[in-house]
Number of protein chains: 4
Amino acid sequence: MRIRIVAGSSAPIYKQIVDAIRRTIATGELAVGETLPSVRQLAKELVINPNTVAKAYAELVQSGLVETQAGRGFFVTKRRCVYSKTERMRRLDESIQSLIGQAIAMDFTPDEALDRVRELFEKALRNPSHSN
Amino acid sequence: MRIRIVAGSSAPIYKQIVDAIRRTIATGELAVGETLPSVRQLAKELVINPNTVAKAYAELVQSGLVETQAGRGFFVTKRRCVYSKTERMRRLDESIQSLIGQAIAMDFTPDEALDRVRELFEKALRNPSHSN
Amino acid sequence: MRIRIVAGSSAPIYKQIVDAIRRTIATGELAVGETLPSVRQLAKELVINPNTVAKAYAELVQSGLVETQAGRGFFVTKRRCVYSKTERMRRLDESIQSLIGQAIAMDFTPDEALDRVRELFEKALRNPSHSN
Amino acid sequence: MRIRIVAGSSAPIYKQIVDAIRRTIATGELAVGETLPSVRQLAKELVINPNTVAKAYAELVQSGLVETQAGRGFFVTKRRCVYSKTERMRRLDESIQSLIGQAIAMDFTPDEALDRVRELFEKALRNPSHSN
DNA sequence: GTGGTCTAGACCACA
DNA sequence: GTGGTCTAGACCACC
């Protein structure tokens with residue numbers, strides 16, 4: 001698995017990792033039961049501190065996407081939908097609001113933004129993460 | 001001009017101000033050459049620290065939307081784009097990718113997510129950031 | 001608010017903090033909207049590293065009991081039931097299994113353990129945390 | 001003797017072995033003076049690392065439940081209590097407090113929680129740790 | 001080798 | 001003042 005970290009991004013590194021792995025799981029690139037790269041290995045690969053990776057992984061565990069066995073590693077869970085219906089909606093809305101903020105702040109029209117969302121959505125589902 | 005600050009929002013207060021003013025300018029509510037409310041007045045109105053308003057104004061100046069003349073106040077300047085097209089696109093995509101990861105990970109279908117994006121977008125434009 | 005940290009405990013410090021605060025919230029000792037002690041202050045009080053407190057607080061945020069506003073502090077949320085029904089059950093069972101493991105390992109009879117659980121439950125609800 | 005190891009369990013493998021054997025001794029399934037399965041045999045049976053079994057046995061020896069005679073194996077020793085009464089109580093209470101925090105925070109009523117505790121307790125005793 | 005916890009300390013963003 | 005991120009490095013538990 002290859003994750004690209006964008007240094008100049010506004011998003012913190014650990015968030016970028018969470019996002020990236022969430023996508024690889026969501027698209028099935030990382031299948032249920034598979035192990036994630038070890039904390040130290042990924043940290044070395046990305047040339048960042050292991051704690052930063054650990055923080056990202058901890059968030060994935062919290063959200064139920066990933067489980068951990070001490071001494072063995074992190075595994076993609078089969079369990080899903082940890083959150084209640086309203087909570088899922090709340091979180092989706094939060095993400096969307098953040099997107100809208102970005103879009104409006106940069107003068108994209110709603111149509112431009114929506115088109116791009118649709119486009120990337122299809123790409124994500126069709127061509128799971130074009131990296132390997 | 002009236003700006004409503006949402007305390008519980010995830011967006012920092014100064015950011016909310018920046019966005020709100022950006023939109024009042026975009027919609028023409030605040031025309032080129034007009035003056036913004038003074039820092040102290042707006043701070044009093046919103047019951048927040050003047051430093052926070054000052055910071056928001058500084059960001060508007062920085063982005064080129066607003067100019068300041070010492071002792072006279074802040075003025076709407078002629079609009080110009082700050083980010084290059086590719087830079088804008090890159091930043092937008094970043095936000096979108098994050099949204100998609102969230103949505104798929106929480107088992108929302110693309111249609112559900114897109115509909116919600118459209119919905120919130122319209123809401124945001126109809127009722128721009130609680131300012132009116 | 002007073003939290004006692006037990007050095008010799010098998011539970012990690014940050015877990016003890018989570019538990020303690022969870023209880024003060026659950027019993028209403030810390031009411032909705034109230035602010036938690038600041039990270040640095042609590043760290044100083046407990047003579048531990050601020051990061052450890054921050055980790056505990058982060059877990060409370062994740063579980064929806066607490067919200068944060070950067071620069072202002074941590075607040076008790078009114079939102080509840082972040083988790084789905086099955087997830088709540090799963091988490092409850094996990095806690096119970098852990099308890100049962102302890103109890104059996106130390107040769108408590110089920111009746112002894114159950115009585116004690118009942119007793120402490122009543123105490124918790126009746127006499128919110130006998131500390132202030 | 002048959003011990004089932006649950007890979008996905010939160011409890012470490014060696015701990016599961018310790019608990020399982022402790023219970024076979026408590027129930028008399030393994031009588032005083034009897035020998036435990038050899039480290040290598042049990043490891044092979046459970047398809048785990050012999051070190052893990054060795055560690056479990058070491059803990060049993062440490063707790064006084066089991067003795068070892070070099071070259072001959074591990075034997076069940078006469079039972080004695082390891083922890084003082086107050087120490088046992090303190091540890092149990094710790095686990096219970098944690099459970100109560102969880103339960104109340106997730107809006108379970110004491111009755112719901114207690115019923116579940118009782119239920120899982122009975123299940124645990126009827127089917128002691130998947131060994132039989 | 002793996003992850004888990006904790007410390008110390010830096011630097012930034014926010015109010 | 002507050003929290004948020006990241007680093008460096010220690011020590012432990014587990015496999």
Side-chain angles (χ1 to χ4, degrees), chain A residues 5 7 9-17 35-43 46-59 61 66-75, chain B residues 5 7 10-18 43 46-56 58-59, chain C residues 5 7 9-17 35-43 46-59 61 66-75, chain D residues 5 7 10-18 43 46-56 58-59:
Chain A
I5 294 306
S9 168
S10 61
I13 297 177
Y14 87 95
K15 261 311 187 216
Q16 295 184 46
I17 297 176
T35 91
L36 273 60
S38 88
V39 168
R40 289 164 165 99
Q41 180 201 323
L42 185 54
L46 301 178
V47 196
I48 58 177
N49 190 296
N51 286 338
T52 306
V53 177
K55 187 172 182 178
Y57 280 18
E59 194 156 314
V61 169
V66 152
E67 275 174 346
T68 173
Q69 273 177 265
R72 305 237 297 111
F74 289 85
F75 304 83
Chain B
I5 294 306
S10 63
I13 294 177
Y14 92 98
K15 214 53 165 167
Q16 296 184 45
I17 297 176
V18 169
L46 302 178
V47 196
I48 59 178
N49 194 310
N51 288 336
T52 307
V53 178
K55 177 158 193 180
E59 185 155 319
Chain C
I5 294 306
S9 168
S10 60
I13 297 177
Y14 86 96
K15 258 318 186 211
Q16 295 184 46
I17 298 176
T35 91
L36 274 59
S38 89
V39 170
R40 288 163 165 100
Q41 180 202 322
L42 185 54
L46 302 178
V47 197
I48 59 176
N49 190 296
N51 285 337
T52 306
V53 177
K55 186 172 183 179
Y57 280 18
E59 193 156 314
V61 169
V66 152
E67 274 174 346
T68 172
Q69 273 177 265
R72 304 238 295 112
F74 290 84
F75 304 82
Chain D
I5 295 305
S10 63
I13 294 177
Y14 92 98
K15 214 54 164 166
Q16 295 183 46
I17 297 176
V18 169
L46 302 178
V47 196
I48 59 177
N49 193 309
N51 287 336
T52 307
V53 178
K55 177 158 193 179
E59 186 156 319

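Each chain gets a letter, A, B and so on, in the order the sequences are listed, and its residues count up from 1.
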What string of B, S and - do you get for nucleotides 7-15 of chain F, 5' to 3', if B is base contact, S is sugar-phosphate-only contact and - is no contact with any protein heavy atom under 4.0 Å? BBB----BS
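For E:dG4, one of the phosphate oxygens OP1 or OP2 lies less than 4.0 angstrom from a side-chain nitrogen or oxygen of A:Thr68.
Partners of A:Gln16 under the side chain to side chain donor-acceptor pair (under 3.5 Å) rule, at least two apart in sequence or in another chain, do not exist in this structure. By the ring-ring contact (aromatic ring centres under 6.0 Å, His included) test, D:Tyr14 is found to be paired with no residue, residues two or more places apart in sequence or in another chain being considered. Take D:Lys15 and apply the salt bridge (charged side-chain N to carboxylate O under 4.0 Å, His left out) test, not counting sequence neighbours, and it matches D:Glu59. With sequence neighbours excluded, the residues that form a side-chain contact (heavy atoms from CB on, under 4.5 Å) with C:Asn51 are C:Asn49.
Annotation for B:Pro50 and B:Ala43: closest pair CA-CB, 3.6 Å, computed over non-hydrogen atoms.
With a 4.5 Å cut-off on side-chain heavy atoms, A:Ile13 and A:Leu46 do not count as touching. Within the 4.5 Å cutoff, no side-chain heavy atoms of C:Tyr57 are placed close to those of C:Thr68. With a 4.5 Å cut-off on side-chain heavy atoms, D:Ile48 and D:Ile17 count as touching.
Spacing between atom CZ of C:Phe74 and atom C1' of F:dT2 amounts to 9 Å, rounded to whole angstrom units. Between A:Tyr57 atom OH and E:dT5 atom C1' the separation is 19 Å, expressed in whole Å. Following rounding to the nearest Å, A:Leu36 (CG) and E:dG3 (P) show an atom-to-atom distance of 9 Å.
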Canonical and wobble pairing (Watson-Crick, G-U, under 3.5 Å) of DNA chain E, dot-bracket with |: ||||||||||||||.
